Amino acid sequence: MERTHNNGELRLSNVNTNVTLIGWVAKRRNLGSLVFIDLRDRTGIVQIVCDETLSQQIKDVRNEYILEVTGTVNERKDKNDKLLTGEIEVKALKINIINKAETTPIIIADDTDALEDTRLKYRYLDLRRPIMQQKLFERAHITRVMRRYLEDNGFIEVETPILTASTPEGARDFLVPSRVHPGSFYALPQSPQLFKQLLMVAGFERYYQVARCFRDEDLRADRQTDFTQVDIETSFLSEEQIQDLMEKMLAKVMKEVKGIDIKLPFIKLPYHEAMNRYGSDKPDIRFALELIDITDIFSDSSFAVFSSLDNSDKAIKALVIPNKAQATRKEVDHYTEYAKKYGAKGLVVLKYVNAQIEGSAVKFFTENQIEKLIKELKLKENDLILIVADKWENTCTVLGSLRNYFKEELQLCDPNEFAFLWVVDFPLLEFDASDNRYYAKHHPFTRPKAEDIALLDSDPSKVKACAYDMVLNGFELGGGSLRIYDQTLQAKMFKVLGFTEEQIKQRFGWFIEAFQYGTPPHGGVAFGLDRIAMILTHSDSLRDVIAFPKTASASCLLTNAPSIVDVKQLDELAIALKNK
RNA sequence: GGUCCAGUGGUGUAGUGGUUAACAUGCCUCCCUGUCACGGAGGAGAUCGCGAGUUCGAUCCUCGUCUGGACCGCCA
């Protein structure tokens with residue numbers, strides 16, 4: 001087999017040359033003694049013409065047969081502007097059938113009608129579709145640009161173990177039983193976090209890895225159990241220096257992969273402001289529709305919904321939807337249901353029509369409050385006003401979810417706009433009321449802001465972290481932080497998290513021990529490669545940019561994983577299954 | 001763990017308490033020299049996801065179950 005050209009690259013300039021092509025039969029159009037064959041390879045499709053002299057050779061040729069075609073490139077009489085090769089065709093002189101194919105269960109074309117489960121079962125056929133190939137090519141391009149950028153900036157790729165130790169705190173681990181040590185388990189890494197920090201202790205200064213990570217949690221359209229992280233760690237750099245390096249990397253990706261120039265530096269939005277204005281720690285800032293705080297207006301309200309709240313942690317906020325005052329009862333109920341799904345107790349719905357605020361809650365408002373409301377919400381005729389009153393964080397997230405809901409309903413975003421930003425100054429800790437303890441919001445090795453360290457003793461909830469997330473169009477692309485490199489501070493952090501000396505020793509002892517031998521100040525970031533590829537290829541699901549993804553119930557329809565194993569295998573691992 | 005949606009020829013859909021289960025596409029046979037979603041004629045192909053119940057009778061109604069999807073919880 002000696003192919004001379006790729007199918008998709010033939011143009012008018014190739015006319016009158018002899019070529020040998022290889023590809024799959026995408027379509028056969030038989031006009032009797034004249035037969036057209038669309039021959040597809042990974043570069044595209046070209047039309048092959050076969051006249052009567054070849055009729056015996058191609059008699060049996062059907063879709064998805066693999067052919068080797070030798071012929072002459074001719075200019076077409078009837079051109080096809082839907083094909084890049086549409087100005088030419090190849091007049092076949094010799095056709096060799098390299099392999100036959102059964103009729104495929106799905107149509108191999110961009111607009112296949114197969115549903116996703118069928119596509120996943122026959123993924124190898126689904127991946128023959130040009131659009132799927134294009135997505136995986138684009139994903140590889142993203143990875144390539146990132147790799148080159150990191151290599152050019154002195155980063156070294158180091159591989160870290162897949163079979164490692166279980167680390168508590170965080171997502172559920174996938175466990176792998178040890179045969180050599182019956183009763184003991186490895187865990188698959190949720191991220192190479194601890195290893196990359198040890199590489200900094202080891203003195204590599206700049207590390208990266210295109211790393212497979214595993215989390216045994218339920219899946220979503222934008223979440224898989226195993227996924228790929230571009231994992232990065234640096235020594236001696238500040239938050240700003242790391243962010244600067246990383247946003248330049250993304251700018252390069254956007255330029256080289258999408259041909260788009262994005263503005264540097266990225267906007268930096270403190271967590272608190274992001275929540276207050278957008279109701280999300282990963283806001284889509286392509287559209288405004290910001291939340292407006294009206295807590296002060298109703299500080300002395302007699303309206304039970306507002307007055308029953310705990311003053312130490314409450315927020316009343318409004319979202320104003322233009323031209324939606326005519327929403328039907330059914331629509332309004334739908335918004336309320338939507339808000340409840342995200343934890344709202346209720347939704348106060350008002351309308352601004354004929355320069356008046358209407359709604360069942362209005363009777364609890366004073367003249368003064370109504371006046372202030374009109375002014376502060378900058379109300380215009382036909383505005384719909386949605387108000388949530390709850391604990392600060394709940395109020396924000398509920399309205400933030402509604403904001404995203406209206407983004408879709410009102411189509412407020414240009415899919416070809418890419419709005420990057422950093423969300424910074426995250427809180428270090430989160431208090432969990434049911435466990436009555438603090439949890440690290442990022443992870444227990446995140447460095448607190450220097451000016452907040454004193455607060456670790458007095459008011460841990462107020463401590464901010466040197467942590468940052470890169471956000472694009474409402475998705476978290478990646479997140480990172482500076483890490484604690486001081487043993488005393490790390491000990492204090494563990495204490496705040498409620499660990500005993502013994503627990504620390506047992507869980508993190510090997511890690512902490514490393515820090516006493518000269519640990520550089522370090523910090524890094526990890527990007528969700530799948531998610532970046534999903535957004536840049538305008539895919540609705542991560543599954544579209546992962547070659548062999550899992551379903552929402554974490555199974556693989558192609559291989560039928562996970563599957564039952566032989567009792568003998570279990571015996572070797574000293575595992576007995578519980579009878580159900 | 002929860003809420004919601006879907007499951008009918010290979011594929012994608014329609015539909016009905018009693019049908020010869022419809023349509024498109026794909027597949028097979030034949031015709032066709034300028035098609036490119038080729039066209040024309042004919043044909044094969046479905047225990048209506050599975051189980052139980054209601055009923056004289058269930059693909060349709062009820063319950064359960066399985067599978068797929070979206071979301072909430074969860075995802076340091």
Side-chain angles (χ1 to χ4, degrees), chain A residues 26-39 45-53 55 60 62-64 74 76-83 85-86 89 91 102-122 125-126 167-173 190-191 193-194 213-225 227 334 337-344 397-398 401 404-405 408 426 428-430 432 434 438-446 465 467 476 479 481 493 497 507 526 528 540-541 543 550-555 557 560:
Chain A
K27 192 82 198 177
R28 171 196 165 108
R29 288 179 295 278
N30 190 346
L31 281 73
S33 50
L34 181 70
V35 177
F36 297 101
I37 289 172
D38 288 342
L39 198 67
I45 285 176
V46 68
Q47 175 165 283
I48 311 292
V49 196
C50 309
D51 65 17
E52 214 152 355
T53 58
S55 61
D60 297 325
R62 301 192 303 147
N63 282 358
E64 300 311 315
N74 290 333
R76 287 205 199 189
K77 283 177 222 149
D78 299 311
K79 299 197 164 56
N80 181 352
D81 56 12
K82 286 182 209 146
L83 277 182
T85 59
E89 64 189 5
K91 173 88 192 312
E102 291 297 315
T103 303
T104 56
I106 66 171
I107 297 170
I108 299 180
D110 283 352
D111 50 354
T112 184
D113 58 2
L115 295 183
E116 203 178 1
D117 52 342
T118 313
R119 289 172 46 206
L120 290 180
K121 188 173 173 194
Y122 302 99
L125 297 178
D126 189 43
T167 48
E169 305 263 306
R172 199 176 288 119
D173 282 321
Q190 297 176 25
S191 92
Q193 181 64 34
L194 302 183
C213 303
F214 307 85
R215 291 178 191 174
D216 189 5
E217 298 292 346
D218 286 352
L219 299 86
R220 289 283 190 282
D222 65 345
R223 247 163 52 192
Q224 284 270 312
T225 45
F227 59 99
H334 180 64
E337 280 309 306
Y338 191 86
K340 282 184 177 165
K341 204 168 80 177
Y342 287 87
T397 49
V398 169
S401 308
N404 281 331
Y405 172 86
E408 300 301 330
F426 279 89
L428 183 70
L429 302 155
E430 246 173 345
D432 184 294
S434 57
Y438 284 98
Y439 278 92
K441 199 169 166 86
H442 194 48
H443 55 60
F445 316 106
T446 306
E476 180 193 330
S481 65
M493 181 69 179
L497 291 170
R507 295 182 183 180
D540 292 326
S541 160
R543 295 185 293 271
K550 295 192 177 51
T551 66
S553 55
S555 47
L557 298 179
N560 294 317

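What you are looking at is a predicted structure, and each value in this text was computed from that prediction instead of being measured. Letters go in sequence order (proteins before strands), and every chain restarts at 1.
- Across all strands shown, the partner of rG18(B) is rC56(B), judged by Watson-Crick or G-U wobble contacts whose two distances both fall under 3.5 Å.
- Take the nearest nucleotide of RNA chain B for Leu557(A) and for Arg172(A): the residue whose nucleotide is more 5' is Leu557(A).
- Close to rU67(B), at under 4.0 Å from its OP1 or OP2, lies no side-chain N or O of Ser555(A).
- Rounded to the nearest 0.5 Å, atoms CD1 (Ile48(A)) and CG (Leu39(A)) are 5.0 Å apart.
- Between Gln224(A) and Arg543(A), some side-chain heavy-atom pair lies under the 4.5 Å cut-off.
- Residues meeting the side-chain contact (heavy atoms from CB on, under 4.5 Å) test with Ala467(A), sequence neighbours left out: Phe426(A), Thr446(A), Ala465(A), Ser481(A).
- The side-chain contact (heavy atoms from CB on, under 4.5 Å) test applied to Asp218(A) returns Arg220(A), not counting sequence neighbours.
- Within the shown strands, rG51(B) is the pairing partner of rC63(B) under the Watson-Crick or G-U definition, both distances less than 3.5 Å.
- Thr551(A) meets the side-chain contact (heavy atoms from CB on, under 4.5 Å) test with Leu120(A), Ser553(A), Ser555(A), Leu557(A); sequence neighbours excluded.
- Rounded to the nearest Å, the gap between the P atom of rA22(B) and that of rU67(B) is 32 Å.
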Give the B/S/- string for nucleotides 28-46 of chain B, one per nucleotide from 5' to 3', where a protein heavy atom under 4.0 Å of the base yields B, of only the sugar-phosphate yields S, and otherwise -.
-> S---BBBBBSB--------
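- Pair assignment for rC38(B) gives none, since no Watson-Crick or G-U wobble pairing has each distance under 3.5 Å.
- Between Arg119(A) and rG69(B), a side-chain N or O to OP1/OP2 separation shorter than 4.0 Å is absent.
- Contacts of Ser553(A) with the nucleic acid, taken as non-hydrogen atoms under 4.0 Å apart, involve only primed sugar atoms and P, OP1 or OP2.
- Here the rule is salt bridge (Lys or Arg N to Asp or Glu O under 4.0 Å) with Asp38(A), and of Arg28(A), Arg29(A), Lys27(A) only Arg29(A) fits it.
- Partner assigned to rC23(B) is rG12(B), using Watson-Crick or G-U wobble distances below 3.5 angstrom.
- A salt bridge is absent between Arg215(A) and Asp173(A); no separation between the charged side-chain nitrogens and carboxylate oxygens falls under 4.0 Å.
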Please list, for nucleotides 1-10 of chain B, all pairs of protein and nucleotide N/O atoms separated by less than 3.5 Å.
| residue | atom | partner | partner atom | Å |
| --- | --- | --- | --- | --- |
| rG1(B) | O6 | Asp218(A) | OD2 | 3.4 |

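- Separation of the P atoms belonging to rC48(B) and rG7(B) is 15 Å when rounded to the nearest angstrom.
- Of all nucleotides listed (rU11(B), rA70(B), rG68(B)), rG68(B) comes nearest to the side chain of Asp117(A).
- Taking atom C1' on both nucleotides, rA58(B) is separated from rU19(B) by 14 Å, rounded to a whole Å.
- Looking at Arg119(A) and Asp126(A), a side-chain N of the basic residue comes within less than 4.0 Å of a carboxylate O on the acidic one, giving a salt bridge.
- Listed by chain and number, the residues in a side-chain contact (heavy atoms from CB on, under 4.5 Å) with Ala109(A) are Ile107(A), Asp111(A) (sequence neighbours excluded).
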